[in-house]
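Report on one structure; see the data block that follows.
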Protein chains: 2
Amino acid sequence: MVTVRNTRQNVIKAAGRLFAEKGYHGTSMRDLGRELGLLGSSLYAHVESKQDLLVEVVEEGARLFHASADAALAAGGSSSARLRQLIAGHVGVVLENPDVVRTYLNEARMLDAEHRSRVIAARDAYEQAFRQVIGAGISDASFRPDLDPKLSSIFLLSILNALERWYRPDGAVDGSQLVDEVTEFALAAFKH
Amino acid sequence: MVTVRNTRQNVIKAAGRLFAEKGYHGTSMRDLGRELGLLGSSLYAHVESKQDLLVEVVEEGARLFHASADAALAAGGSSSARLRQLIAGHVGVVLENPDVVRTYLNEARMLDAEHRSRVIAARDAYEQAFRQVIGAGISDASFRPDLDPKLSSIFLLSILNALERWYRPDGAVDGSQLVDEVTEFALAAFKH
DNA sequence: CCTACCGATCGGTAGG
DNA sequence: CCTACCGATCGGTAGG
């Protein structure tokens, strides 16, 4: 049996796991210490505060989604191709980082006002990427003209953000099928 | 200035408000007492425990959605008419009971295992109502034949359950417009 | 619904 | 990362 020293990074990772599972306020520093094999008070050698841990996890979530949207838009292609990339990227972020994503989506509201408003700004920017691609698809007649870019981006993101609530990788649907199903559903709603 | 005595019902209502806003674990009995103008300890004249309050709020949420689905299916009509009723009913429940719904959707996982499994069963039954109507719509050729009833009911419910996260009644979209927009989006995804 | 508490647990610190 | 704490707050109770 090997006993390994913890790093700041794996403390943050374990915090994401517990925040996702039991919520920020439902997780004590002693819970987190137990998860890592040390005392709650020892965590302060790695982080400044409990809030600090939440900030780190949530900001990682924001970075992941931002990077995904960046890559999707940089890939170029038709508006529907870019929309497909946005969807595939989002599903990938959710499936590969379930704890970070759950904390990002459900616990960000527990942040202090300053950090929370930065998260809201990041989410708005992310939603703008979806809205612009949908708007472009309407302009070039890929999508139906009566589509509302704002509402339809919210509806699509509602589907994508809810994945964390029900999708289990050991179920009947694998990751690439999931991308296909969400994409087909969205494009069916968007087309003429 | 009048000082009114509290009832069990308005204690539960205030609990829903705070649980929705700050989360179950983020709300103390003293917070709730302050909200009602009494001491935290005085709440125990109305309820047995803090968990008891969560149970009451969450079970009310389950009842509201159950009643909505019941009414929608009892109204009869074509499969797409029943789907419209399910959607309108769900939106109505969310808009008229935002605190109860937010607690039902976000805090039910904080319940003890026994109550939580009952909530999960109630959600499954509710999802079944959507799934059956979608299945009927596929059978009678109202909806496209390649639609997956299970996944498409989840996608539609994702949109409906996310309303609590973004919709504000003082915004640009009113309740009946919201029903129309969600309905149009879903039916566009379902049609041939 | 208040007074007066209870033991347990919370986030966090000093010093090593 | 541990020892040994700290004051504050937690859910809850006895008795009125």
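Values below: all heavy atoms of this structure, side chains included; hydrogens, waters and symmetry mates excluded. Reminder, nothing fancy here: chain letters follow the sequence lines and each chain counts from 1.
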| query | Between the side chains of B:Thr7 and B:Asn10, is a donor N or O closer than 3.5 angstrom to an acceptor N or O? | reply |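 On atom types as modelled, these side chains qualify, holding a pair under 3.5 Å.
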Counting side-chain heavy atoms from C-beta on, which of [options] comes nearest to [X]?
X	options	answer
A:Leu39	D:dG11, C:dC1, D:dT3	D:dT3
A:Ser42	C:dG12, D:dT3, D:dC1	D:dC1
B:Ala45	C:dG11, C:dC1, D:dC10	C:dC1

To the nearest Å, how far apart are [X] [atom1] and [N] [atom2]?
X	N	atom1	atom2	answer
B:Leu36	C:dC2	CG	P	11 Å
A:His25	C:dC10	NE2	P	14 Å
B:Lys50	C:dA8	NZ	C1'	15 Å
A:Leu32	C:dG12	CG	P	12 Å

| About how many Å separate CG of B:Leu160 and CZ of A:Phe155, when rounded to the nearest 0.5 Å? |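 Spacing of CZ (A:Phe155) from CG (B:Leu160) equals 8.5 Å.
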| query | Partner of D:dG15 by Watson-Crick or G-U wobble geometry, both contacts under 3.5 Å, or none? | reply |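 Result: C:dC2.
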| said: Determine whether A:Asn161 and A:His90 satisfy the following criterion, side-chain contact (heavy atoms from CB on, under 4.5 Å), listing intermediate values before the conclusion. | reply: CA-CA 9 Å; A:Asn161 285 332; A:His90 192 110; 3.1 Å; yes
| query | Any salt bridge between A:Arg102 and A:Asp99, counting N to O under 4.0 Å? | reply |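 No, no charged N to carboxylate O under 4.0 Å.
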| query | Taking for each residue the nucleotide of DNA chain D bearing the nearest heavy atom, is the 5' side occupied by A:Gly37 or by A:Arg30? | reply |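 Per heavy-atom nearest nucleotide, the more 5' residue is A:Gly37.
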| query | With a 4.0 Å cut-off on heavy atoms, is B:Leu38 in touch with a base, just the backbone sugar-phosphate, or nothing at all? | reply |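 Sugar-phosphate contact only - B:Leu38 comes under 4.0 Å of backbone atoms but never of a base.
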| task | Using a heavy-atom cut-off of under 4.0 Å over every strand shown, decide if B:Ser41 touches base, sugar-phosphate, or nothing. | result |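 B:Ser41: base contact, heavy atoms under 4.0 Å.
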